[in-house]
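This chain uses plain numbering: 1 for the first residue, then up along the sequence. Bear in mind that the values here come from a model prediction, so they are computed numbers and not experimental data. For ligands, and for the atoms within them, numbers begin at 1 and follow the listed sequence.
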Amino acid sequence: MPINFNAEENRHTYVGRDVQQDWFDLIQKLVDPGDKEIADIGCGGGIYSLAWVKMGAKKVTCVDSSQQMLADTAENTAGIPNIIIKQGDALCTGLPNNSQDIVFERALIHHISPENRTACFAEAHRLLRSGGVYILQDKTMQDVQLPGSPENIRGYILDVYPHLHHFEMQRRPNNIEVSHGLKTVGFKQIKTISLLEKCTTYKDFSQLATDFQLRKGRSIMHELSNEEITHLINHIKKFLGSKTDIVEKDFWTVWIGIK
Ligand SMILES: C[S@@+](CC[C@H](N)C(=O)[O-])C[C@H]1O[C@@H](n2cnc3c(N)ncnc32)[C@H](O)[C@@H]1O
C-alpha cells in the first residue's frame, strides 16, 4: 500500500539525518543561495530546508501537503527565524506570484501522478521571479534499477522483489518527459545532471536493519509486508552483516530550469 504521509505512524520518516557534502557541492555549482528566498516544496521533515539556511538563504518557505511531515519540519527547524512553514499542495501552494528566487523539490514528483506533473512545474514557474531557478531532484527508472551492492543498498530491494519494477515504472519520472514539461511551462536553459548523494552512514548492520524495519526514508518499503522486509534484511545481511560504518549512497537525477 503506498505510503500515507498523513499517518501519525509515518512521522519521523524523513528526519534524523544531515545533508552530506555531495549535495552541497552540486548545489553550490548550480546556484548562489546567499540572501535568496527559497521554497522547499514537499519538504518532508525539513532536512533540506535546513541545508538551504546553512548555505545562507534569506528565507526558506517549507511547503508540504502533510501536517505530520510539517510537524517534523517544525521540530527540526525550531528556533530558526528565517524558516516559514506552510501547508499546501505542490500544484497550488497559495504562495504569491514571483515571490521566490529558487524553488526546490526533492523526492516529490514521483508522488505526483504523471498527468499532474505539468501543473506542478507550472506552479513552480508562477512562484519564481524572472531569472529564478527551479531545481527538481528525483530518481528515474535508470536510477532505481541499478543492482544492489554495498554502495547501492537500495538496489537490493528490486533485486529481491523484482515485481516492484512495475510499481516503480508507474511513478518514476522519465528524463525526456520532465525536460519537455519544463519547457512547455516556460523554463529555459534546462539541464539534467546525475548525482550520487551520500545519505546515511550506519555504524553497523543492526542500525541499518532497524532503519529498514521502520521503512525510514524509502516509500517503496511501504509496498512490502513486515515478513518481506525481514527477508530483505536477511538478504542484505549476507553482503553487509559484518561491516561497520556502512555508507549508503543514492543515485539521483537533478533537473534545472530558469524562468
Ligand atoms: C519522499 S518525501 C521527501 C521529503 C524531502 N523533500 C526530502 O527529500 O527529505 C515526499 C514529501 O512530499 C510530500 N508531498 C507528496 N505529495 C505532495 C503534494 N502534492 N504537495 C505537497 N507535498 C507533497 C509528502 O508529504 C512528503 O513529505
Check: Which option out of G42, A51, S65 puts a heavy atom nearest to atom 18 (C) of ligand 1?
Finding: S65

Note to self: Within the 4.5 Å heavy-atom criterion, are V63 and C43 side-chain neighbours or not?
What the structure shows: no

Margin query: Would G88 count as a contact residue for ligand 1, given that I'm defining contact as a non-hydrogen atom of the residue lying under 4.0 Å from a ligand atom?
Written below: yes

Notebook entry, point to check: Are any non-hydrogen side-chain atoms of V178 and T253 less than 4.5 angstrom apart?
Noted result: no

Next item on the list: Indicate, with yes or no, if I153 and L146 share a hydrophobic cluster defined by side-chain heavy-atom contacts under 4.5 Å among Ile, Leu, Val, Met, Phe, Trp and Tyr.
Entry: no

Check: Between R106 and ligand 1, which part of the residue brings a heavy atom under 4.0 Å of the ligand: side chain, backbone, both or neither?
Finding: both

Next item on the list: Please say which of Q28, Q137, E197 ends up in a side chain to side chain donor-acceptor pair (under 3.5 Å) with W23.
Entry: Q137

Check: atom 19 (N) of ligand 1: which of L108, V63, D89 has the nearest heavy atom?
Finding: D89

Notebook entry, point to check: Within less than 4.0 angstrom of ligand 1, does S219 place any heavy atom?
Noted result: no

Check: What are the atoms of ligand 1, with element, lying closer than 4.0 Å to any heavy atom of A107?
Finding: 1 (C), 2 (S), 3 (C), 10 (C)

Notebook entry, point to check: Quick one: does E168's side chain get under 4.5 Å of M141's, heavy atoms only?
Noted result: yes

Check: At a 4.0 Å threshold, what atoms of ligand 1 neighbour a non-hydrogen atom of M69?
Finding: 25 (O), 27 (O)

Notebook entry, point to check: Taking side chain as C-beta onward, heavy atoms only, is V133 less than 4.5 Å from I256?
Noted result: yes

Next item on the list: Within a distance under 4.0 Å of any heavy atom of S66, pick out the atoms of ligand 1 and give their elements.
Entry: 25 (O)

Item checked: Spacing of CG belonging to L128 relative to CG belonging to N98, to within rounding of 0.5 Å -> 8.5 Å

Check: Can an N or O of H110 be found at a distance shorter than 3.5 Å from an N or O of ligand 1?
Finding: no

